[in-house]
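Taking it in order: structure first as structure tokens, then the write-up.
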Amino acid sequence: MNMKRKWKLSNLYLIFVFIVLYAPIFYLMYYSFNKAGNMHDFTGFTWEWYKEVFHDTRLMIIVINTLVIALLASAISTVIGVMGALAIRFVKRRRTKNTLLSFNNVLIVSPDVIIGASFLILFTIAGIKLGFTSVLISHIAFCIPIVVLMVLPKLQEMSPTLIDAARDLGASQWDVLSKVILPYITPGIFAGFFMALTYSLDDFAVTFFVTGNGYSTLSVEIYSRARQGISLTINALSTLLFFFSIILVIGYYLINQRQARTNGMGVRK
């Protein structure tokens, strides 16, 4: 009886949490189709605000800027993050390993405002013009620790005997890396890439500090437009971004499922 009661309470709590998280999003999405142009009275269904999004040339350029930054930052940070995770995993001294992990985790736990201000000071001193380059460098920097944390568990899960067996069979260092280690940690690499992509797309605080005149990303643009007043174009744009995030999550899930099936078939063989 107690177990049943606990199960019901846990379900009610979970439902409550999901309502708190998703109710504002669905409210925003609902009024993105409002013909009245406000978020109070729904007078009829319309695609007008979505048409405005696609007809806004400046906004489309900003969308392209955001996607280019996110894809480049996630790809570069994934490569660097995988190398960093390998270095942390295979370092022999425990103290050195803990030190590297601590340095890696500092960027994750540090407030975004501090990171953004630090990058702004760095770029100002170095004479780097604020814009595409400054945003890309800062996004790569805060995405790398995320990739490392996604890849490390897969490396720690991997049995050392796999590497020893490959070396006993005459595999070179490159063969061990490319044919044993990387295929095994592929789910972690994909997880790191998608997490980095999501963080880059969503980041506002750091980007706000390092964005220069004439260059902007979606998060900064939505913030600046929201300050000017309620516009259902923002609702429409936010709805499109939400569905894009869902597609990313589904893509990541399908890749994981495919990888799991492939591993399962390999085990059965």
Side-chain angles (χ1 to χ4, degrees), residues 62-91 100-101 103-110 112 115-116 119 132-158 162-163 174-207 210-211 217-220 238 240-264 266:
I62 292 172
V63 170
I64 294 171
N65 289 342
T66 305
L67 290 175
V68 169
I69 286 288
L71 289 170
L72 282 175
S74 54
I76 296 171
S77 62
T78 299
V79 174
I80 300 173
V82 169
M83 291 190 293
L86 288 168
I88 293 172
R89 171 64 180 83
F90 293 108
V91 71
L100 291 172
L101 274 172
F103 277 122
N104 180 76
N105 295 336
V106 163
L107 278 175
I108 296 177
V109 300
S110 296
D112 288 346
I115 296 173
F119 274 118
F132 175 83
T133 304
S134 61
V135 173
L136 179 61
I137 293 172
S138 59
H139 278 225
I140 291 171
F142 69 70
C143 284
I144 290 172
I146 299 165
V147 176
V148 172
L149 287 184
M150 292 291 106
V151 175
L152 262 180
K154 293 301 294 182
L155 282 170
Q156 292 168 347
E157 179 186 306
M158 185 176 62
L162 289 174
I163 299 174
W174 173 250
D175 288 333
V176 171
L177 177 64
S178 61
K179 296 180 181 178
V180 178
I181 297 175
L182 290 181
Y184 189 90
I185 65 172
T186 296
I189 295 174
F190 277 114
F193 175 82
F194 280 109
M195 285 295 291
L197 185 65
T198 304
Y199 269 72
S200 180
L201 286 172
D202 293 343
D203 181 75
F204 167 75
V206 176
T207 309
V210 297
T211 300
T217 61
L218 276 175
S219 58
V220 177
S238 301
L240 293 172
L241 287 174
F242 178 72
F243 280 112
F244 180 72
S245 300
I246 290 177
I247 292 171
L248 286 179
V249 171
I250 293 172
Y252 170 62
Y253 173 78
L254 292 175
I255 290 170
N256 266 357
Q257 289 293 103
R258 183 177 180 182
Q259 186 70 27
R261 285 197 298 268
T262 303
N263 291 341

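Treat the numbers as computed from the prediction; the structure is a model and nothing was measured. Here, residue 1 is the first one in the sequence, and each next residue gets the next number.
- Counting heavy-atom neighbours within 6.0 Å of F243 CZ, excluding the residue itself, gives a total of 12 or less.
- The two residues I146 and M195 come nearest to each other via the heavy atoms CG2-CB, 3.7 Å.
- In this structure, K154 and Y184 approach most closely via the heavy-atom pair O-CE2, 3.6 Å.
- When all heavy atoms of I62 and L218 are compared, the closest pair comes out as CG2-N, 3.6 Å.
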> Would L240 and V63 satisfy side-chain contact (heavy atoms from CB on, under 4.5 Å), going step by step from the backbone distance to the final call?
Replying inline: CA-CA 11 Å; L240 293 172; V63 170; over 6 Å; no
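- Within the model, atoms OG1 of T66 and CG of L71 stand 10.5 Å from one another, a figure rounded to the nearest 0.5 Å.
- If you take OG1 on T133 and CD1 on I69, they are separated by 8.0 Å, rounding to the nearest 0.5 Å.
- Residue pairs meeting the side-chain hydrogen bond (donor to acceptor under 3.5 Å, both in side chains) criterion with at least one member in residues 190-206, sequence neighbours excluded: H139-S200, D203-T207.
- Of all the heavy atoms in D112 and V206, the pair that sits closest is O-CG2, 3.6 Å.
- To the nearest 0.5 Å, atoms CG (L201) and CG (L67) are separated by 6.5 Å.
- Across all their heavy atoms, I115 and L107 have their closest contact at CD1-O, 3.4 Å.
- Heavy atoms from other residues, nucleotides or ligands lying under 6.0 Å from CZ of F103 number 12 at most.
- The CE atom of M150 sits 13.0 Å away from the CD1 atom of I185 when rounded to the nearest 0.5 Å.
- Closest heavy-atom contact between N104 and I144: OD1-O, 4.4 Å.
- The CG atom of L182 lies 5.0 Å from the CD1 atom of I189; values are rounded to the nearest 0.5 Å.
- If you run side chain to side chain contact (heavy atoms under 4.5 Å, CB included) between L197 and each of S74, C143, S77, only S74 comes through.
- With rounding to the nearest 0.5 Å, the separation of CE in M83 from OG1 in T78 is 11.0 Å.
- The shortest side-chain heavy-atom distance between L155 and I181 falls under the 4.5 Å cut-off.
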>> If you apply the rule side-chain contact (heavy atoms from CB on, under 4.5 Å), what do you find for F132 with L72, and how did you get there?
In response: CA-CA 11 Å; F132 175 83; L72 282 175; 3.8 Å; yes
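- Between L86 and L177, some side-chain heavy-atom pair lies under the 4.5 Å cut-off.
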